[in-house]
There are 2 protein chains.
Amino acid sequence: MIPNLPPKPRKTPVQARSTATVDAILEAAARILETEGLEGYTTNAIAKRAGVSIGSLYQYFPNKDAVTAALVRTDSETMAARMEEVRCAFEGRPIRDCIDALIEVAVCHQFDRPMLARLIDLEEHRLGQDFGLSEAKQRIVQVVRSLLAQSGLDLPFDLDTVTQDVFALAHGITDAAGLNGETDRPRLNTRIRHAVLSYLGVPAS
Amino acid sequence: MIPNLPPKPRKTPVQARSTATVDAILEAAARILETEGLEGYTTNAIAKRAGVSIGSLYQYFPNKDAVTAALVRTDSETMAARMEEVRCAFEGRPIRDCIDALIEVAVCHQFDRPMLARLIDLEEHRLGQDFGLSEAKQRIVQVVRSLLAQSGLDLPFDLDTVTQDVFALAHGITDAAGLNGETDRPRLNTRIRHAVLSYLGVPAS
DNA sequence: TTTTAATATGAGCTATCACTCATATTTATG
DNA sequence: CATAAATATGAGTGATAGCTCATATTAAAA
């Protein structure tokens with residue numbers, strides 16, 4: 001008899017079509033962020049581009065931020081999975097090769113849709129620790145952290161700092177390149193590899 | 001008799017009090033972006049925090065974007081002026097020292113108000129080439145570009161690429177540190193200096 | 001002082017956005 | 001088939017944002 005104040009969490013899709021609806025919504029959300037930016041990023045626009053009614057959207061997401069959070073989470077988990085996969089595949093092989101492959105993954109993730117990556121990043125920080133966004137991000141960081149820990153390299157700063165900085169500088173270079181309209185991904189990879197390896201103090205090949 | 005379709009450009013302040021009004025508006029805009037983010041960044045909120053009526057705001061800015069553009073321009077011009085000043089002051093002295101000082105300026109600009117810097121950056125790109133924002137940014141880049149050109153260093157890539165990447169990686173590291181809540185600026189300077197110098201191939205001291 | 005220009009005000013208009021709900025349709029279940 | 005559960009719909013609602021305008025106040029000009 002207690003008036004359910006927050007009936008927030010909505011239905012979880014059980015049939016195939018509702019799963020498709022949710023997928024379409026997230027895909028549409030990403031495309032709108034990418035092409036229209038935050039200005040055009042409205043729930044009505046998302047539903048429309050998804051080919052779904054606005055009512056359907058709110059049957060699976062309690063509010064707009066929940067859509068964004070789901071988008072962020074999907075994005076992070078995809079990234080985490082790819083990074084872990086690479087780490088696993090390069091077990092035992094030279095660190096340089098693994099770093100190369102990880103850079104490839106990170107760049108691929110951010111460089112093809114620079115505006116989307118940028119806005120997802122922004123929203124991720126705005127939504128903060130709510131919505132439990134950070135788990136996947138932790139996994140991503142952990143891949144690189146453990147790689148560096150096992151590398152035997154003489155790091156210029158403590159492990160966590162180096163991990164963070166390597167991510168940050170790669171992210172910064174990719175972001176600038178993407179917004180600058182560059183399209184040559186191998187070249188970008190080369191530059192980032194140079195920045196990362198020289199930061200880490202790995203001697204040039 | 002032509003119906004002035006775009007009566008957009010508003011009054012330019014001539015008296016002292018109106019100049020103060022404009023300044024208050026821009027200062028309020030910055031503070032709101034910093035503390036409330038884009039959510040709370042409304043013209044009514046800006047006017048309120050500036051201690052000014054909403055009508056006054058629209059007497060000097062044709063629309064909201066014009067306020068943002070003015071904020072971005074002010075920000076860029078301040079940065080450009082400081083960079084040029086440093087460049088001038090370090091004429092003839094070792095490149096390493098000049099780079100250090102430039103990093104100091106850049107970090108100071110971004111690290112103390114990370115959220116503001118981030119959102120200004122975002123809005124700068126959204127407003128694009130309209131509003132003539134890019135002039136100051138060009139000046140900023142030119143300072144580093146010319147420094148590198150005269151350095152005699154054997155750069156790892158072409159001059160423009162290196163200039164862009166050095167900015168981008170410093171920006172990325174600072175951004176991450178700021179959002180991470182770090183407060184130790186000297187330490188951050190050290191890390192960025194390491195990243196920049198090793199990217200440039202300057203031998204460790 | 002009188003007149004004119006500059007500046008300031010804020011209630012209110014319009015558009016739009018996040019979100020609801022009553023209803024309809026589709027799928028699963030017995 | 002009949003019944004119930006899941007899913008889909010979209011017009012409509014309340015709130016708020018950007019912005020206007022008629023009016024008031026202050027400062028400069030004559």
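First the proteins, then the strands, lettered A, B, ... as listed; each starts at 1. Bear in mind that the values here come from a model prediction, so they are computed numbers and not experimental data.
- Of the side-chain N and O atoms in A/S56, none sit less than 4.0 angstrom from OP1 or OP2 of D/dT7.
- Contact check, B/Y60 against C/dA8: a side-chain N or O comes under 4.0 Å of OP1 or OP2.
- Atom CD1 of B/I25 is separated from atom C1' of D/dG18 by 15 Å (rounded to the nearest Å).
- With rounding to whole Å, A/I54 atom CD1 is found 10 Å from D/dG10 atom C1'.
- A sub-4.0 Å separation between OP1 or OP2 of C/dG10 and a side-chain N or O of B/S53 is absent.
- Whole-Å rounding puts the A/N63 CG to C/dC19 P distance at 5 Å.
- B/S56 and B/S53 share a donor-acceptor pair across their side chains, judged by distance under 3.5 Å alone.
- Between B/R126 and A/E39, the closest side-chain pair of non-hydrogen atoms falls below 4.5 Å.
- Atom CZ in A/F61 sits about 15 Å away from atom C1' in D/dA8, given to the nearest Å.
- Comment: B/R31 does not engage B/E36 in a salt bridge, judged by the lack of any side-chain N to carboxylate O separation of less than 4.0 angstrom.
- At C/dC19, one or more side-chain N or O atoms of A/Y58 fall inside 4.0 Å of OP1 or OP2 (strictly under the cut-off).
- OP1 or OP2 of C/dA8 sits under 4.0 Å from a side-chain N or O of B/T21.
- Side-chain polar atoms of B/Y60 and B/T12 form no donor-acceptor pair below 3.5 angstrom.
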- prompt: Taking it one step at a time, do B/D160 and B/T163 satisfy side chain to side chain donor-acceptor pair (under 3.5 Å)?
  reply: CA-CA 5 Å; B/D160 286 317; B/T163 303; 5.2 Å; no
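- No side-chain heavy atom of A/D112 sits under 4.5 Å from any side-chain heavy atom of A/V107.
- A straight line from NZ of B/K64 to P of D/dG18 spans 4 Å, rounded to a whole angstrom.
- Look at A/S18 and you won't find any side-chain N or O under 4.0 angstrom from OP1 or OP2 of D/dA6.
- Heavy-atom distances to DNA chain C give each of A/D65 and B/Q15 a nearest nucleotide, and the one nearer the 5′ end belongs to B/Q15.
- Contact check of residues 30-52 of chain A against DNA chain C (heavy atom, cut-off under 4.0 Å) returns A/Y41, A/T42, A/T43, A/N44.
- Between B/F157 and B/Y199, the angle of the ring planes lies from 30° to 60°, which puts this pair in the tilted group.
- In terms of polar N and O atoms assigned as donor or acceptor, the side chain of B/Q59 comes within less than 3.5 Å of the base of C/dA8 in a complementary pairing.
- Counting to the nearest Å, the P atom of D/dA8 and the CG atom of A/D23 are 12 Å from each other.
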